[in-house]
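Okay, so here's the structure we're looking at.
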Amino acid sequence: MVVAGAGMAGVQTAVALREKGFTGAITLIGAEPHQPYDRPPLSKAVLLGTAEGSAFDVDFETLGVELRLGCEVLGVRTPDRVLDTETGPVPYDVLVLATGAEPLRLPGTEGVPGVHLLRTLDDAERLRPVLARRHDIVVVGAGWIGAEFTTAAREAGCAVTVVEVAERPLAGALPAEVAAPMAAWYADSGAVLRTGTRVERVEPGAVVLDDGTRVPAGAVVVGIGARPATSWLTGSDIALGAHGEVLADDRLRTSAPDVYAVGDCASFPSGRYGERLLVHHWDNALQGPRTVAADILGETTARYDPVPYFWSEQFGRFVQYAGHHPGADTLLWRGDPAGPAWSVCWLREGRLAALLAVGRPRDLAQGRRLIEAGTPLDASLLADPARPLKAATA
Ligand SMILES: Cc1cc2nc3c(=O)[nH]c(=O)nc-3n(C[C@H](O)[C@H](O)[C@H](O)COP(=O)(O)OP(=O)(O)OC[C@H]3O[C@@H](n4cnc5c(N)ncnc54)[C@H](O)[C@@H]3O)c2cc1C
């Protein structure tokens, strides 16, 4: 058994295989030199220096997993069942692709000093002194990473300007009316949010915007999205989708025999939502490996059809989302979005399709179960924030 990629999905695949009783050899190959680690703390405690690192609490030796770190996988020859790596060929019986995603770069800024990404432990370690020295920072992109980085940078006392090309934060993830109240969070934190604005170029010590404004910048942090890290599969017979993601089936099998794909690098057909989903969130990298391990071990009932879930910690708020809302026909608010705690429910044909909870973890927990069960709900009861979600059944 060979796993390519030693992030959350790769590590969890090895763990799930052992938990399910697999006794054969497992080799876990990762490009980064560090002991495998968790990414969410990178934009939170690790960035602020309140946590040293975020290595997984997994004893690979005891687990009988051979770790090959600092070793990039370069290609795969599926007819021969061989993975080509920097240190030579590695034969496999079963291969799991778990190479995750890589951040998009701002065109023209590659190698420009002072321009940072935030994906890896090395990135976070480079950014830590930037925060500690309280540089003026320009953040490009008001998505999840941009919001979390801005939160940490404001906490550290940096002056922060966030430049977002769309008219609102999280434009790719949430509809305008839901994202609108979140724009105020930036201003409340003391950051300047400039929407509908594009970065023209980065100069030493400044960022020039498309309206000619020069914003002083001791550092620039780019958070404009990520794409599956699958360029190494080009030329193989493993089918990739429009975003470069591995096209997996509902058991996370790829188009090649005995090759699986899991986590940020793969999309899967969602029976629940009737469309293919490409999910770049932690819970997907935790749940998917259990399906992969089950299928490898012949548990034929295993189908991957999760209710997607993620959380974000930003501007002193705990933001959680479960489900998938495109395709929903009704949007309902629970509570006042100007206040500290509120939720949004998306219904489809009287059933909960998705839920966003800000400071309302109980809504999230109950909503997730209602989505999973497909319970019919009464919209007028649901809109009452004083009533528990689970008491809004039709
Ligand atoms: C800063 C940050 C904060 C986040 N916070 C949250 C959060 O609060 N909530 C949430 O739900 N999600 C969060 N996420 C998303 C979550 O961390 C990811 O969805 C998760 O890490 C995906 O795991 P993965 O194993 O699929 O991919 P990755 O974590 O990207 O791991 C893939 C690994 O494969 C390696 N690799 C890539 N190519 C090769 C190759 N050719 N050869 C060998 N190895 C290779 C990479 O170096 C990497 O170590 C955050 C992500 C980041 C970057």
Side-chain angles (χ1 to χ4, degrees), residues 2-15 27-47 54-56 67-76 83-87 90 95-104 116-125 127 143-149 151-152 173 221-223 225-234 236 244-246 248 252 260-267 278-289 292 306 308-314 317-322 364:
V2 176
V3 183
M8 180 72 183
V11 168
Q12 289 301 325
T13 300
V15 169
T27 305
L28 184 55
I29 305 174
E32 295 182 66
H34 308 289
Q35 199 62 16
Y37 63 89
D38 207 11
R39 277 176 219 285
L42 299 185
S43 51
K44 307 169 183 83
V46 173
L47 200 54
S54 56
F56 292 119
L67 267 186
R68 292 197 198 167
L69 300 175
C71 175
E72 193 176 342
V73 175
L74 304 174
V76 59
L83 202 57
D84 288 311
T85 77
E86 273 183 318
T87 54
V90 179
L95 172 65
V96 181
L97 312 175
T99 47
E102 55 201 10
L104 299 176
H116 299 259
L117 298 165
L118 180 48
R119 179 80 196 178
T120 64
L121 184 56
D122 289 343
D123 292 336
E125 278 174 358
L127 278 164
W144 302 111
I145 297 285
E148 293 202 351
F149 178 81
T151 303
V221 177
V222 179
R227 69 171 156 241
T230 55
S231 54
W232 64 279
L233 291 168
T234 310
S236 76
E245 81 280 16
V246 181
L252 301 178
Y260 294 78
V262 67
D264 281 11
C265 71
S267 69
L278 172 58
V279 178
H280 278 186
H281 296 301
W282 187 90
D283 192 61
N284 180 53
L286 171 70
Q287 307 291 348
V292 171
Y309 165 72
F310 72 86
W311 80 96
S312 170
E313 292 158 50
Q314 48 178 284
R317 292 169 173 87
F318 190 42
V319 179
Q320 295 167 287
Y321 178 96
L364 191 285

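Values below: every heavy atom of this structure, side chains too, minus hydrogens, waters and symmetry copies. Both counts, for ligands and for their atoms, begin at 1 and track the order of listing.
- Looking only at heavy atoms of the protein, atom 3 (C) of ligand 1 is closest to Ser43 OG, 3.3 Å.
- Of the N and O atoms on the side chains of Tyr37 and Glu32, at least one donor lies less than 3.5 Å from an acceptor on the other residue.
- Using a non-hydrogen distance threshold of 4.0 Å, Cys71 registers as a contact of ligand 1.
- Remark: ligand 1 atoms within the under-4.0 Å shell around heavy atoms of Gly7 are 25 (O), 31 (O), 33 (C).
- Protein heavy atom at the shortest distance from atom 25 (O) of ligand 1 is Ala9 N, 2.8 Å.
- To the nearest 0.5 Å, atom CG of residue Asp123 and atom OG of residue Ser43 are 11.5 Å apart.
- The distance criterion of under 3.5 Å between nitrogen or oxygen atoms is met by Asp264 with respect to ligand 1.
- Near His280, the atoms of ligand 1 lying under 4.0 angstrom from a non-hydrogen atom of the residue are 15 (C), 19 (O).
- Only side-chain heavy atoms of Ile145 come within less than 4.0 Å of ligand 1; its backbone N, CA, C and O stay farther off.
- Nearest protein heavy-atom contact of atom 44 (N) of ligand 1 is Ala31 N, 3.0 Å.
- Under 4.0 angstrom from ligand 1, the non-hydrogen atoms of Ala101 all belong to its backbone.
- Between the side chains of Glu148 and Ser312, a donor-acceptor pair is found at a separation under 3.5 Å.
- With respect to Tyr321, the ring pair (Phe, Tyr, Trp, His ring centres under 6.0 Å) criterion is satisfied by exactly one of Trp311, Phe310, Tyr309: Phe310.
- Here the shortest heavy-atom distance to atom 50 (C) of ligand 1, taken over Ala98, Pro33, Pro36, Pro40, belongs to Pro40.
- In terms of polar-atom proximity, defined here as any N/O pair under 3.5 Å, Trp311 does make such a contact with ligand 1.
- Listed by number with element, the atoms of ligand 1 under 4.0 angstrom from any heavy atom of Gly30 are 43 (C), 44 (N).
- Ligand 1 has no nitrogen or oxygen under 3.5 angstrom from a nitrogen or oxygen of Cys265.
- Looking at Glu72, Glu102, Arg39, Arg119 and measuring to atom 29 (O) of ligand 1, the nearest heavy atom belongs to Arg39.
- The closest approach between Ala4 and ligand 1 stays at or above 4.0 Å for every heavy atom of the residue.
- Among all protein heavy atoms, the one lying closest to atom 34 (O) of ligand 1 is Gly5 CA, 3.4 Å.
- Two residues are said to be in side-chain contact when any heavy atoms from C-beta on lie closer than 4.5 Å; Pro306 and Val279 fail this criterion.
- Given atom 23 (O) of ligand 1, the protein heavy atom at minimum distance is Ala285 CB, 3.5 Å.
- With rounding to the nearest 0.5 Å, the separation of CG in Asp264 from NE2 in His281 is 8.5 Å.
- Contact record, Ala9 with Pro289: O-CG, 3.5 Å, taken as the closest heavy-atom pair.
- Set against the non-hydrogen atoms of Glu32, the atoms of ligand 1 under 4.0 Å away are 46 (C), 47 (O), 48 (C), 49 (O).
- Judged by distance alone, with hydrogens and angles left aside, the side-chain atoms of Glu86 form a donor-acceptor pair with the main-chain N or O of Glu72 at under 3.5 Å.
- Interface atoms of ligand 1 facing Phe310, defined by a heavy-atom separation under 4.0 Å, are 11 (O).
- Within ligand 1, the atoms closer than 4.0 Å to a non-hydrogen atom of Gly100 are 26 (O), 27 (O), 28 (P), 30 (O), 32 (C), numbered from 1 in the order shown.
- Considering CG of Leu47 and CG of Leu42, their distance stands at 8.5 Å, rounded to 0.5 Å.
- Checking side-chain atoms of Thr230 against main-chain N and O of Gly244 turns up a donor-acceptor pair under 3.5 Å.
- Distance CG/Asp283 to CD/Gln320: 11.0 Å, rounded to 0.5 Å.
- With values rounded to the nearest 0.5 angstrom, Phe149 atom CZ is found 11.5 Å from Leu117 atom CG.
- For atom 39 (C) of ligand 1, the nearest non-hydrogen atom of the protein is Thr99 CG2, 3.5 Å.
- Counting the atoms of ligand 1 from 1 in the order shown, those under 4.0 Å from a heavy atom of Val73 are 40 (C), 41 (N), 42 (N), 43 (C).
- An N or O contact shorter than 3.5 Å links Lys44 to ligand 1 by distance.
- For Val262 against Gly288, the heavy-atom pair with the smallest separation is CG2-C, 3.5 Å.
- For the atom pair Thr87 OG1 and Ile29 CD1, the distance stands at 7.0 Å (nearest 0.5 Å).
- In this structure, of Leu69, Leu118, Leu121, the residue bringing a heavy atom nearest to atom 53 (C) of ligand 1 is Leu118.
- Arg119 places a side-chain N or O within 3.5 Å of a backbone atom of Ala101 that can act as its donor or acceptor partner.
- Ranking protein heavy atoms by distance to atom 12 (N) of ligand 1, first place goes to Trp282 N, 3.3 Å.
- Which parts of ligand 1 touch Gly263 is read off a 4.0 Å heavy-atom cut-off, strictly below it: atoms 26 (O).
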